[in-house]
Amino acid sequence: MKIKNLVIKNKLFLAPMSNVTTLPFRLLCKKYGAGVVYSEMINADAFIMDSKKTLKRSFFIEEERPIGIQISGSDKKNLVLASKKIEIELKPDILDINIGCPAYNVMKTGSGAKLLNDINKLGDLVKSISESLNIPFTCKIRITTDENYNVSIAKTIEKSGANAITVHGRTANQKYSGKANWDIVKKIKNEVKIPIILNGDIIDEKSAKNALGSTGCDALMIGRASVGDPYLFNRINYFLKNEKYLPDLSKKEKIIIFFEFLELAKKHDCLYITNIKMHAQHFTKSIVGSTVIRKQISESKNIEDIELIMKNFINN
Ligand SMILES: Cc1cc2nc3c(=O)[nH]c(=O)nc-3n(C[C@H](O)[C@H](O)[C@H](O)COP(=O)(O)O)c2cc1C
């Protein structure tokens with residue numbers, strides 16, 4: 001598929017996830033088959049103020065390409081400034097704006113899903129950003145309970161110059177619970193010409209095939225199911241191509257991928273105990289008999305302890 005002039009080698013995108021899709025995790029998802037990876041959400045106001053933490057969050061390396069940087073904000077001037085600064089200084093392949101974050105702290109500033117409430121303001125914002133950019137520009141939205149309004153939002157975004165839309169088939173009120181509504185995503189897909197990337201509840205080979213088949217969407221974006229299982233991209237790509245399943249990874253193979261993650265985190269200076277702990281928990285979640293391990297991981301005080309726990313786990 002193509003987003004503007006960017007050719008993407010498959011139909012699987014890694015979703016932007018705050019505190020999850022850090023550089024080492026993105027690299028791993030890329031290695032195991034993600035066609036596009038997205039950064040964590042970058043606050044536009046903080047980015048233009050050169051906030052150290054925000055700059056670190058937006059950092060990526062060449063090996064990750066194609067990569068999208070996602071920004072959030074509500075002030076048009078700052079969003080345009082941040083987008084342009086990101087385009088010039090970081091040169092990502094895609095700039096994405098978050099129009100779906102349901103977090104209270106984000107919505108109270110008028111950002112995230114709050115942007116869905118005022119279609120005229122949203123259209124103006126998208127138009128201003130798209131006119132200022134040369135790189136492909138995507139919008140990530142949530143659905144609302146009003147079916148016709150969803151289509152109006154998508155049409156407005158398209159008319160305002162965005163090159164693709166990711167639709168998360170849940171409302172902001174649903175946050176991350178309940179089933180994603182693929183019928184609404186399909187309705188949107190049928191009403192616009194730019195590529196639609198479906199997001200929500202892609203968890204395995206079957207759900208991926210069903211989602212593409214039943215909605216006609218151009219690509220799929222995967223969030224939570226990839227956490228602890230970046231190899232999922234490989235399995236889904238294989239299934240979409242061959243209609244056959246790859247064998248499941250063994251316990252050892254799964255833990256080896258965790259160690260790959262750890263090595264990348266060390267190499268790229270991303271060794272944060274909470275983050276490593278969280279990923280270690282996820283990498284063990286599907287392994288039979290791993291409850292004890294997860295308790296040990298959650299009680300560990302440093303990264304060396306986690307390393308030791310995981311090494312022992314491989315050998316037992
Ligand atoms: C921990 C976490 C952090 C997230 N952070 C972001 C974010 O920064 N930007 C964004 O657009 N969506 C964010 N999301 C939403 C995901 O991108 C995705 O839309 C959602 O998880 C639904 O997809 P899934 O069913 O495949 O998980 C986040 C989700 C989770 C679970």
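One-based numbering, in listed order, for ligands and for the atoms of each. As the structure is a computational prediction, the values presented were derived from the model and not from experiment.
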Shortest protein heavy-atom distance from [atom], along with the residue and atom involved:
atom	result
atom 28 (C) of ligand 1	Y176 OH, 3.3 Å
atom 7 (C) of ligand 1	P16 O, 3.4 Å
atom 5 (N) of ligand 1	S18 N, 2.8 Å
atom 30 (C) of ligand 1	M17 CG, 3.9 Å

Tell me whether R142 reaches ligand 1 (any heavy atom closer than 4.0 angstrom to a ligand atom).
no
Compute the minimum heavy-atom distance from G100 to ligand 1 and say whether it is under 4.0 Å.
no
Ligand 1-proximal atoms of K140, by part, heavy-atom distance under 4.0 Å
side chain
At under 4.0 Å between heavy atoms, which part of H168 makes contact with ligand 1: side chain, backbone, both or neither?
side chain
Polar-atom distance check: G223 versus ligand 1, any N or O pair below 3.5 Å?
yes
Check: E40 N/O within less than 3.5 Å of ligand 1 N/O:
no
Under the side-chain contact (heavy atoms from CB on, under 4.5 Å) test against K187, which residue among V167, I143, N148 passes?
N148
Could you give the distance from NZ (K9) to CG (N237), rounded to the nearest 0.5 Å?
8.0 Å
I42 vs Q70 side-chain heavy atoms within contact, under 4.5 Å:
no
Where ligand 1 meets [X] - atom numbers and elements under 4.0 angstrom, heavy-atom basis:
X	answer
G200	23 (O), 25 (O)
R224	21 (O), 24 (P), 25 (O), 26 (O), 27 (O), 31 (C)
A15	17 (O)

Report yes or no: is the cationic atom of [X] (NZ for Lys, CZ for Arg) closer than 6.0 Å to the six-membered ring centre of [Y], at no more than 45° off its axis?
X	Y	answer
R142	Y176	yes
K85	F47	yes
K4	F137	no

Hits for salt bridge (charged side-chain N to carboxylate O under 4.0 Å, His left out) against D124, two or more places apart or cross-chain, chain-then-number order -> K76
If you count heavy atoms of other groups shown closer than 6.0 angstrom to NZ of K56, is the number above 12?
yes
Out of V20, V106, I97, N98, the nearest non-hydrogen contact to atom 1 (C) of ligand 1 is supplied by V20
Under 4.5 Å side-chain linkage, directly or through intermediates, the cluster mates of V7:
none
